[in-house]
Amino acid sequence: MKKILFIILSVALFTACERKIDEFKVGKGSANFTTYVAMGNSLMSGYADGALYQTGQKYSLPNIIAGQLALAGSGNFVQPMVNSEYGVAYPGSQPKLVLGYSSSPCQPGVISLSPVRSEGTMEPLQPVGYPVNNLAIPGAKSFHMLFPGYAQFNPYYARFASSPTNMVVQEIAPLNPTFFTMWLGDNDVLSYALTGGVGDTLTSPAFFQTAMGGVLTALTANKAQGVIANIPDVTAIPYFATIPYNGLVLTQSQADSVNMAMALYQLPFHYTAGPNPFLVNDPTSPHPMFKVRQMQAGELVLMSVPQDSLKCMGMGIINRVTFMPYPIPTQFVLTSDEVYKIKTTTAAYNQILAGLATHFEIGLVDMNSKLTDIQKGIVWDGVKLNTKFVTGGAFSLDGIHLNPRGCAVAANYFIDAINAKYGSTIPQVNITSYPGVTFP
Amino acid sequence: MRPIINQKKNIMRRITTLLLFFCLAATTLFGGGYQVGLHGVRNIGMGLIGTSLSYDASSLFYNPGGAAFVNDKWSFSGGVSLIMARGTFQAKNANYQATIKHELNTPFYVYAAFKPTKNLSIGIAVNTPYGNRLAWEDDNGADWKGRFLIKDISFKAITYQPTISYKFGDVFGIGAGFVYTTGTVDMNKSLPFEGTSGEGTLNVKGSTQAYGFNAGIMIHPDKGWSIGIDYRSKIEMKVKGADATFTVPQSLSTNFPANNKVDVMLPLPANLDLGVSYEFGKEKQWMIGVNLCYVFWSTYDSLVFDFETKTPVVNRTASPALYTDQMIVRVGAQYKAGKVVTLRAGGYYDPSPVKSDYLNPQTPSLTEVGLTCGVSVYPFKGFSVDAAFLYLVGAQRDGTFSPDNFAGTYRTGFYIPAIGLSYSF
């Protein structure tokens, strides 16, 4: 009897020790990931915190995807690496932003946490000297890819262009890609938005279609498979969504004086204690002298607005030196007309991209609706992410580009789209192992 | 009249045996699942049943109404279970695995009952009916993926239950105990805010005490038959003013006051148990029994943390648990193979109170199916060495803790050896 009991116990002990769950099975489905190439703009290049620097590139969206595709037979993914943690030096470039302490001139001694330029040696602009798989170029629009000699205008392309007279699409064929991801076309609308709608133009949807068609033709020339992402509504990103249109906070006595001044200037604006709309230019105003109006809900103040002028000089209300109405200059504001143009153009682009994805039989990542989700707030593994500047956890300190954790989330969206299109089982990445914003 | 020499020998035996109990009680640790069913090595051997039994002092816990039916004037029992927990986690849609670190959890019990008269029994039960202790580790030595939910938790509760039991003749008995519980909690998690020296962390550490009761009825309607009903009340474990220690980057310290206090509220569910058993065969060699245990889990609606110093990011949080009431089914049998050896076997089905969209790594509760066996050896009359073995059939479950979007598959396996001593005279 005891012997039998002993045998039963031994067997039970032995079997209880091995209790592993079956591991995730990676499969490539109908896709061929052998040679992976990425195309796009700064969002795909690893650009973050206002610079292209080494750690940003290590956590670039396509590099994160490449790490997972490597589990399904993808080869080496080469990027045009910057050997500096600060950025690439060229006329007008600045080192990356970090969170630091700063104070505004009108409030000496009041120190606040905000992005400041770091100090360090940037890499001199020079060709990397090797072919790369990540063809993403900060600043590039759709049609720039078909622009001969684009390297002479864009230093980031100059770093890896195989010839100074090349079109970017000419870099594709020598790589012989079997698989690609592309997120391109944001700058066709973003460049316009970043200048407050006055320093650039929106690419017309017809031209956008031609250019995108051309790029995809080049990418799929050798029957490469791939996935493209559509264009998010750029007005949702922190760069446009951080400073509210009614960010002018007044006390009752301040509001009283402003109201008296406005009466004096015969401007029909009334101010109250608490938040009030900023003043902006309005060329259509009937007023003989002051072509200004109050901002309306839905209009946006850009993060590039000079904060010191806003805080100390009366920008957006009344100039503290001249006591004249002081509208926020046009290049720092998106009016409702401009926001409308941005939104309708983005919608037109996305319709075109959906059509192209069908036509070229490739996958599509609906990054536009994903950004809407993030705007409302998402959570992964207990990490809450949203589009709030700095605290939202997904965007880098420039308010435009994703930080590594944001890139990891976007990479998972791409991976989901790849798996859906090609029946593959590429594992998602663990977003908790990617850094967010670093606080001092 | 017994010879005097024998009486002396008996007294010596009694003293040594009682000393053994104290040694056992003094050296044990404790822990286990959130509700632990291991309260008597003999009971563990027969599928954890006990509500309709009155063989020994464990009745004080299983059914105070049965304690008066124990024949001996004095009865003692004590024991400990060794939980060798093993659990793994596989993330959904990802090549990621983590493991619950091997830690020995040792729920224990000590029961002592005394019968001043034939129909009256008084006693005390000390045991560990609730607890939770685990620590997660990434299989590749990296930071565990669920660290923003929980890194490790140790929740320990010990109950002290003075009990009185009375039987009316040989058919009907009632009993009740006052339950005094002490509890400690110590948990760690990470916060998704990085500084130059790593991520933020939160440690919560505190202790509390709470009260409840345990009351039961025992009926012996006919020869061999026994019916027991027992109710153990809910116990509100409210840890007031536990130490909440935040470690965050310096620039965030105003939002996370370093030495905060927090109130943590965790209800221990009420139980309503019904047991039926039947003794038969030559000299009642055989016993079979069944227990239905209804656990009022739905009282655990959410885990509330209410911080004393509040900031925009540190305030009152209620993490939903949304447990549902469950019925545990237990069956067991006992066979007296003579004067020296008693054999037991049983099994039980303990469905998880956690819904699939609230399954979380803090309490990865899986539906359990357990098979048990046990043996008692009597070197002399009244004294037994009890051993039992519980084998938890491997279970696997997919789930997501939706408030934190933490998804994956959990698998657990346990084997629990238990050893105890019983002595009655």
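Protein chains get the first letters and strands the later ones, always in sequence-line order, with residue 1 at the start of each. Please read all numbers here as calculations on a predicted model, not as lab measurements. Values below: every heavy atom of this structure, side chains too, minus hydrogens, waters and symmetry copies.
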**Student:** Pick one of side chain, backbone, both or neither for Asp138(B), based on which atoms fall under 4.5 Å of a heavy atom in chain A.
**Tutor:** neither

**Student:** As an exercise: rank Asp22(A), Val383(A), Asn430(A), Val437(A) by heavy-atom pairs under 4.5 Å with chain B and give me the winner.
**Tutor:**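 Sorted descending by pairs with chain B, the first entry is Asn430(A).
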
**Student:** Non-hydrogen atoms of chain B under 4.5 Å away: do they reach the side chain of Ile415(A), the backbone, both or neither?
**Tutor:**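 When you check distances to chain B, no heavy atom of Ile415(A) falls under 4.5 Å.
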
**Student:** Where does Phe89(B) contact chain A at under 4.5 Å (heavy atoms): side chain, backbone, both or neither?
**Tutor:** backbone

**Student:** With a 4.5 angstrom heavy-atom cut-off, is it the side chain or the backbone of Val429(A) that approaches chain B, or both, or neither?
**Tutor:** neither

**Student:** Quick one: are Tyr96(B) and Pro427(A) in side-chain contact, heavy atoms under 4.5 Å?
**Tutor:** no

**Student:** Output yes when a side-chain donor or acceptor of Asn95(B) lies under 3.5 Å from a complementary backbone atom of Phe24(A), and no otherwise.
**Tutor:** no

**Student:** Identify which part of Pro361(B) has an atom lying under 4.5 Å from any heavy atom of chain A, answering side chain, backbone, both or neither.
**Tutor:**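 It is neither, since no heavy atom gets under 4.5 Å.
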
**Student:** Under a 4.5 Å heavy-atom cut-off, does chain A meet the side chain of Thr99(B), its backbone, both or neither?
**Tutor:**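 Thr99(B) touches chain A through side-chain heavy atoms alone.
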
**Student:** Checking Gln97(B) side chain against Ile21(A) main chain: does a donor-acceptor pair fall under 3.5 Å?
**Tutor:**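 Yes; at least one donor-acceptor contact below 3.5 Å.
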
**Student:** Need one label for Asn419(A): side chain, backbone, both or neither, based on atoms under 4.5 Å from any heavy atom in chain B.
**Tutor:** neither

**Student:** Measure Gln90(B) against the heavy atoms of chain A and call it side chain, backbone, both or neither at under 4.5 Å.
**Tutor:** both

**Student:** Answer yes or no: is there a donor N or O on one side and an acceptor on the other, between the side chain of Ser251(B) and the main chain of Pro440(A), under 3.5 Å?
**Tutor:** yes

**Student:** Can you tell which part of Lys189(B) gets under 4.5 Å to a heavy atom of chain A, answering side chain, backbone, both or neither?
**Tutor:**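 Neither the backbone nor the side chain of Lys189(B) comes within 4.5 Å of chain A.
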
**Student:** Within the 4.5 Å heavy-atom criterion, are Lys384(A) and Asp404(B) side-chain neighbours or not?
**Tutor:** yes

